[in-house]
Engineer: 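One structure follows; several queries about it will come next.
Both ligands and their constituent atoms are indexed starting at 1 by order of listing. Computed from a predicted structure; not experimentally measured.
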Amino acid sequence: MKGLAVEHVTHTFGDKRTLCDVSLTVKPGELVCLLGPSGCGKTTLLRLAAGLEGLQVGRITIGADTVAAPGVNVPPEKRGVGLMFQDFALFPHLSILDNVMFGLEGLKADEAQRRAMAMLDRVGMADFANAYAHTLSGGQQQRVALARALAPRPRVMLLDEPFSDLDTTLRAQVREETVAILKESGPATLLVTHDPEEAMAMADRIKVMDGEGRIVQAGTPEEIYFSPANSYVASLFGKLNRMTGTVKAEQVKTPLGTVSAKGFADGADVEILVRPEGIGFAESGAPVEVAEARLLGRRSQLRLRSRGSDDGHEFVAHVQGGFRHSGDCPAAVSLDPAHTFVFART
Ligand SMILES: Nc1ncnc2c1ncn2[C@@H]1O[C@H](COP(=O)(O)OP(=O)(O)O)[C@@H](O)[C@H]1O
Ligand SMILES: [Mg+2]
C-alpha cells in the first residue's frame with residue numbers, strides 16, 4: 001500500500017514489553033493519532049518507523065518499500081520520513097532559513113533556498129528567515145520545525161507530542177494550522193499523543209493504546225467517543241459515574257433510571273458508565289438533590305445525590321453555563337443514551 005504500514009510490531013527493552021503486536025496503516029494525506037498513556041511505547045514506535053531504533057519483531061513499510069523487518073534496516077535518511085519531536089529543537093547557531101534548508105542538501109543551493117522560503121511562507125514565517133531560533137516564541141519555533149520537517153517533501157510525517165510545550169490557547173491555534181498544512185502537503189502523518197483532546201481535534205482516525213502497549217480500539221474520533229470498546233476507552237475523556245447492575249430483559253435498572261443493555265443475557269452482571277454531560281435535568285426523571293454546584297467556566301459541575309430507591313448515591317453532572325440552586329430544591333434527572341455505556345463486569 002501507499003503511505004505507512006506497521007505490521008505486528010512487538011518491542012522489548014530488557015525484559016520489559018513496550019509494544020505488543022501493534023499494527024496500523026496511514027494513507028497519504030491521512031492523519032492518524034496513536035493515543036495512549038505515558039510510557040506505553042508511543043515514542044518507541046515512532047523511533048522504529050523513523051529508523052532510530054532497531055526493529056525486533058514485525059515489519060514496517062513506506063510506500064512499496066520494506067524499511068524495517070528482521071534483517072532489514074533502511075537508514076533514517078533513506079526512508080523519506082519527516083520528524084517533529086517535542087525535543088527536536090531547532091539548531092540555535094543557524095538562521096531560520098538555514099534550519100529549513102538543512103534537510104535539502106541534495107538540491108542545488110538556489111533551488112533549496114527557493115523551496116525553504118516557500119515553506120517558511122506557507123507557515124507564515126518568511127519574515128523571520130534571517131532570525132535565530134532563540135529570538136522566536138514557542139509557537140513560532142513550532143512553525144519553523146514543521147517547515148523544516150516538510151521541506152524535503154517526506155512521504156511520511158511522524159509527530160511526537162509536538163504541542164505539549166505550548167500554552168493552551170496557542171496550542172489550539174497551532175494544531176489547526178498544522179493540520180491544514182499537513183493536509184495540503186499530503187504526507188501520511190502519524191501523530192502520537194497522550195492527550196485525548198489533541199487526538200480528537202486532529203485525527204482522521206485514532207488508535208487507542210493501553211498501558212501495556214496494545215491497541216485496544218481503532219476508529220474515527222466519533223466512534224472512539226460515542227462507541228468506546230471498553231471502560232478504559234470510555235474513561236479517556238474524563239471521570240465517569242460508575243454504577244453496577246444486573247440485566248433483565250435487555251435492560252438494567254440504575255438509581256438514575258433504566259438503561260438499555262441490548263445483547264446482554266438475563267442475569268449478566270454489568271457496569272454502567274455515565275459521562276457527567278450525560279446527566280440532564282428532566283421534568284419526569286429520577287429524583288435527586290443538588291448537593292453542590294461549582295462554576296468551572298463555560299460549564300458547571302454539580303454534585304447530585306439520588307433521592308429515589310438508592311438513596312444517597314452521589315453523581316457528578318456537568319451542565320452548560322452557570323447554575324443557581326436554592327438549598328434543598330428537589331430536582332429530577334434523566335440519562336442521555338449517547339453518554340451512557342454498559343459493559344460486562346469482569
Ligand atoms: N532505550 C530504552 N532503553 C530502555 N527502556 C526504554 C528505552 N526507551 C524507552 N524505554 C522504556 O519503554 C517504555 C516506553 O517508552 P516510550 O516509548 O518513551 O513511551 P511513551 O512515548 O508512550 O511515553 C518506557 O517504560 C520507557 O522507560
Ligand atoms: Mg513519548
Engineer: Does C40 have a heavy atom less than 4.0 Å from any atom of ligand 1?
Structural biologist: yes
Engineer: Taking 2.8 Å as the cut-off, does an N/O/S atom of T44 lie below it from the Mg ion (ligand 2)?
Structural biologist: no
Engineer: Same cluster or not: are M157 and V144 linked, directly or through other Ile, Leu, Val, Met, Phe, Trp or Tyr residues, by side-chain heavy atoms under 4.5 angstrom apart?
Structural biologist: yes
Engineer: When you check the gap from the basic side-chain N to the acidic O, do E271 and R242 get nearer than 4.0 Å?
Structural biologist: yes
Engineer: In this structure, which one of R114, K108, Q113 forms a side-chain hydrogen bond (donor to acceptor under 3.5 Å, both in side chains) with E111?
Structural biologist: R114
Engineer: Starting from atom 1 (N) of ligand 1, locate the nearest protein heavy atom and write down its residue, its atom name and how far away it is, to 0.1 Å.
Structural biologist: F13 CE2, 3.7 Å
Engineer: Would you mind checking which non-hydrogen protein atom is closest to atom 25 (O) of ligand 1, with the distance to 0.1 Å?
Structural biologist: K16 NZ, 3.4 Å
Engineer: How far is atom 12 (O) of ligand 1 from its nearest protein heavy atom, and which residue and atom name does that atom have?
Structural biologist: T18 OG1, 3.3 Å
Engineer: Indicate if Y232 and V274 have the same hydrophobic cluster label, given that clusters are the connected sets of ILVMFWY residues with side-chain heavy-atom separations under 4.5 angstrom.
Structural biologist: no
Engineer: Starting from atom 16 (P) of ligand 1, locate the nearest protein heavy atom and write down its residue, its atom name and how far away it is, to 0.1 Å.
Structural biologist: T44 OG1, 3.7 Å
Engineer: Can you tell me the protein heavy atom closest to atom 18 (O) of ligand 1 and the distance?
Structural biologist: T43 CB, 3.6 Å
Engineer: When you check the gap from the basic side-chain N to the acidic O, do R122 and E184 get nearer than 4.0 Å?
Structural biologist: yes
Engineer: Heavy-atom distance to atom 13 (C) of ligand 1: which of G39, G14, G41 wins?
Structural biologist: G39
Engineer: Charged N to carboxylate O below 4.0 Å: is that the case for R155 and D65?
Structural biologist: yes
Engineer: What is the distance from atom CG of L158 to atom CG of L46, rounded to the nearest 0.5 Å?
Structural biologist: 5.0 Å
Engineer: Any non-hydrogen protein atom below 4.0 Å of atom 27 (O) of ligand 1?
Structural biologist: no
